K.L.:
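Please read through the structure below; I'll follow up with questions.
Treat the numbers as computed from the prediction; the structure is a model and nothing was measured. Residue numbers run from 1 in the order of the sequence given.
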Amino acid sequence: PTGCEFAGELHDLLANDVRRYYPHLMEHVSLHLIQSQDKILNTFDEKISQFAEKKFKRDKIQLHTDSRVKGVLPNTIQMLDKKTNEEVILPYGLCVWSTGIEPIPLVKNLVSALESRGQTNKKALIVDDNLLVKGTDNVFAIGDCSTLERRHLKDHLESLFK
């Protein structure tokens with residue numbers, strides 16, 4: 001989500017401040033978000049992803065989904081469109097790279113060791129509302145190494161009426 005968050009914030013800066021104080025620069029500005037998956041925010045609910053994509057379209061943030069950066073040169077980005085298998089050259093003046101990283105070995109090892117206790121996410125430790133790591137009694141996690149377990153209302157509907 002980092003790239004989406006940054007694109008949204010940069011859009012707000014451009015739309016609210018740059019447009020007001022430096023309107024002559026706006027004709028030179030375009031915002032592009034390159035995403036290797038088929039949609040943005042792919043780890044979130046589908047409705048959130050669709051909402052963000054529609055918002056970006058309204059804001060004229062150009063999405064390049066199913067695309068992979070192959071190279072960054074001084075003034076251009078070489079990108080592979082995975083749908084067409086064609087290379088696309090995207091000129092730029094400012095390039096901001098926000099890419100995913102993999103968990104540190106400690107987190108990987110914990111996830112693996114706790115798999116039989118309900119740790120099903122391979123990229124982060126599942127925690128409850130108190131940040132307690134699922135499958136443990138005394139291990140807590142916060143930040144990028146963790147993800148909050150979301151309980152679905154439909155799974156607990158019966159208990160609401162007891």
Side-chain angles (χ1 to χ4, degrees), residues 1-19 29-72 77 79-83 90 92 94-162:
T2 305
C4 292
E5 288 174 299
F6 183 79
E9 290 296 328
L10 184 57
H11 169 269
D12 291 349
L13 173 72
L14 293 167
N16 298 328
D17 297 324
V18 174
R19 183 179 310 281
V29 172
S30 65
L31 251 133
H32 297 259
L33 181 63
I34 302 168
Q35 167 66 21
S36 65
Q37 302 295 320
D38 62 343
K39 61 183 179 179
I40 60 172
L41 300 174
N42 57 331
T43 59
F44 292 88
D45 185 83
E46 179 73 24
K47 289 179 184 175
I48 293 172
S49 176
Q50 290 172 353
F51 174 83
E53 287 186 12
K54 286 178 187 172
K55 170 88 169 94
F56 280 9
K57 187 172 186 175
R58 281 193 312 268
D59 291 345
K60 296 183 175 57
I61 297 173
Q62 297 177 46
L63 293 177
H64 303 274
T65 56
D66 272 331
S67 298
R68 176 154 288 148
V69 174
K70 300 289 282 183
V72 179
I77 294 173
M79 180 175 66
L80 176 67
D81 183 326
K82 296 189 309 188
K83 292 172 281 203
L90 186 63
Y92 73 89
L94 170 68
C95 174
V96 176
W97 187 288
S98 300
T99 187
I101 57 171
E102 68 177 41
I104 63 171
L106 173 64
V107 173
K108 281 185 184 180
N109 292 339
L110 276 171
V111 167
S112 180
L114 296 171
E115 190 172 357
S116 64
R117 296 186 193 173
Q119 278 295 334
T120 55
N121 188 320
K122 300 292 184 203
K123 297 183 179 188
L125 293 162
I126 299 171
V127 298
D128 66 13
D129 294 338
N130 298 311
L131 305 178
L132 179 67
V133 173
K134 187 174 188 172
T136 71
D137 295 324
N138 60 357
V139 178
F140 297 84
I142 190 169
D144 290 345
C145 70
S146 65
T147 184
L148 189 62
E149 182 172 51
R150 291 179 179 83
R151 295 174 40 166
H152 296 283
L153 179 62
K154 66 180 181 174
D155 297 338
H156 306 283
L157 200 55
E158 191 176 312
S159 67
L160 294 174
F161 295 100
K162 288 184 179 181

K.L.:
Determine the minimum heavy-atom distance between F56 and G8, stating which atoms define it.
P.N.:
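Taking every non-hydrogen atom into account, CZ-N, 4.3 Å.
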
K.L.:
Could you check whether any side-chain heavy atom of I77 comes within less than 4.5 Å of a side-chain heavy atom of C95, counting everything from C-beta outward?
P.N.:
yes

K.L.:
Under the salt bridge (charged side-chain N to carboxylate O under 4.0 Å, His left out) rule, collect the residues that match up with K122, sequence neighbours excluded.
P.N.:
E115

K.L.:
Please report the closest heavy-atom contact between P103 and K123, naming both atoms and the distance.
P.N.:
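Nearest pair, atom of P103 first, then K123: CG-O, 3.3 Å.
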
K.L.:
Could you work out, with side chain to side chain contact (heavy atoms under 4.5 Å, CB included) as the rule, every residue matching D128, not counting sequence neighbours?
P.N.:
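Expected list: N130, L132.
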
K.L.:
Per the side-chain contact (heavy atoms from CB on, under 4.5 Å) rule, which among L41, I61, L63 passes with C4?
P.N.:
L41

K.L.:
Which pairs pass salt bridge (Lys or Arg N to Asp or Glu O under 4.0 Å) with one or both residues in residues 57-66, sequence neighbours excluded?
P.N.:
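For residues 57-66: K55-D59.
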
K.L.:
According to side-chain hydrogen bond (donor to acceptor under 3.5 Å, both in side chains), who are the partners of Q50, at least two apart in sequence or on a separate chain?
P.N.:
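Here the qualifying residues are E46.
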
K.L.:
Testing the basics here: between S67 and D81, what is the closest heavy-atom pair and its distance to 0.1 Å?
P.N.:
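The answer is OG-CA, 4.1 Å.
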
K.L.:
Could you tell me if the side chain of L110 sits less than 4.5 Å from the side chain of V133, heavy atoms only?
P.N.:
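No; the side chains remain at least 4.5 Å from each other.
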
K.L.:
Please name the pair of heavy atoms, one in N121 and one in V111, separated by the smallest distance, quoted to 0.1 Å.
P.N.:
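So the two residues come closest at O-CG1, 3.3 Å.
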
K.L.:
Look up atom CG in L114 and atom OG1 in T136, then write down how far apart they are to the nearest 0.5 Å.
P.N.:
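One gets 6.5 Å once the value is rounded to the nearest 0.5 Å.
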
K.L.:
Does K82 have any side-chain hydrogen bond (donor to acceptor under 3.5 Å, both in side chains) partners at least two apart in sequence or in another chain, and if so, which?
P.N.:
none

K.L.:
Apply side chain to side chain contact (heavy atoms under 4.5 Å, CB included) to F6 and list each qualifying residue two or more places apart in sequence or on a separate chain.
P.N.:
L10, V96

K.L.:
Nearest 0.5 Å please: distance from the CG atom of L80 over to the OG atom of S36.
P.N.:
11.0 Å

K.L.:
Flag the pair L90 / I34 as yes when at least one side-chain heavy-atom distance between them is below 4.5 Å, and no otherwise.
P.N.:
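When only atoms from C-beta onward are counted, I34 and L90 do touch, with a gap below 4.5 Å.
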
K.L.:
Can you name the side-chain hydrogen bond (donor to acceptor under 3.5 Å, both in side chains) partners of S30, sequence neighbours left out?
P.N.:
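Partners of S30 by the side-chain hydrogen bond (donor to acceptor under 3.5 Å, both in side chains) criterion, ordered by chain and then number, come out as H32.
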
K.L.:
I need the minimum non-hydrogen distance between A124 and S146, along with the two atoms involved.
P.N.:
CB-C, 3.8 Å

K.L.:
My understanding is that only residues two or more places apart in sequence, or in another chain, count here; which of them pass side chain to side chain contact (heavy atoms under 4.5 Å, CB included) with D45?
P.N.:
K47, I48

K.L.:
List the steps, then state whether side-chain contact (heavy atoms from CB on, under 4.5 Å) holds for V107 with L125.
P.N.:
CA-CA 7 Å; V107 173; L125 293 162; 4.0 Å; yes

K.L.:
Tell me every residue that passes side chain to side chain contact (heavy atoms under 4.5 Å, CB included) with S112, counting only those two or more places apart in sequence or in another chain.
P.N.:
none

K.L.:
Can you name the residues that form a salt bridge (charged side-chain N to carboxylate O under 4.0 Å, His left out) with E149, not counting sequence neighbours?
P.N.:
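Per chain and number, E149 pairs via salt bridge (charged side-chain N to carboxylate O under 4.0 Å, His left out) with K134.
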
K.L.:
If you count every heavy atom of other residues, nucleotides or ligands that lies below 6.0 Å from F51 atom CZ, does the total exceed 12?
P.N.:
no

K.L.:
Any side-chain to backbone donor/acceptor pair from E53 onto I40? Under 3.5 Å, distance only.
P.N.:
yes

K.L.:
Just how far is it from atom NE2 of H64 to atom CD of Q62, taken to the nearest 0.5 Å?
P.N.:
5.5 Å

K.L.:
For the backbone of T65 and the side chain of Q37, can you confirm whether one donor and one acceptor N or O come within less than 3.5 Å of each other?
P.N.:
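No; judged by distance alone, with no hydrogens or angles, the pair does not exist.
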
K.L.:
Could you list all the side chain to side chain donor-acceptor pair (under 3.5 Å) pairs where at least one residue sits in residues 5-17, not counting sequence neighbours?
P.N.:
none

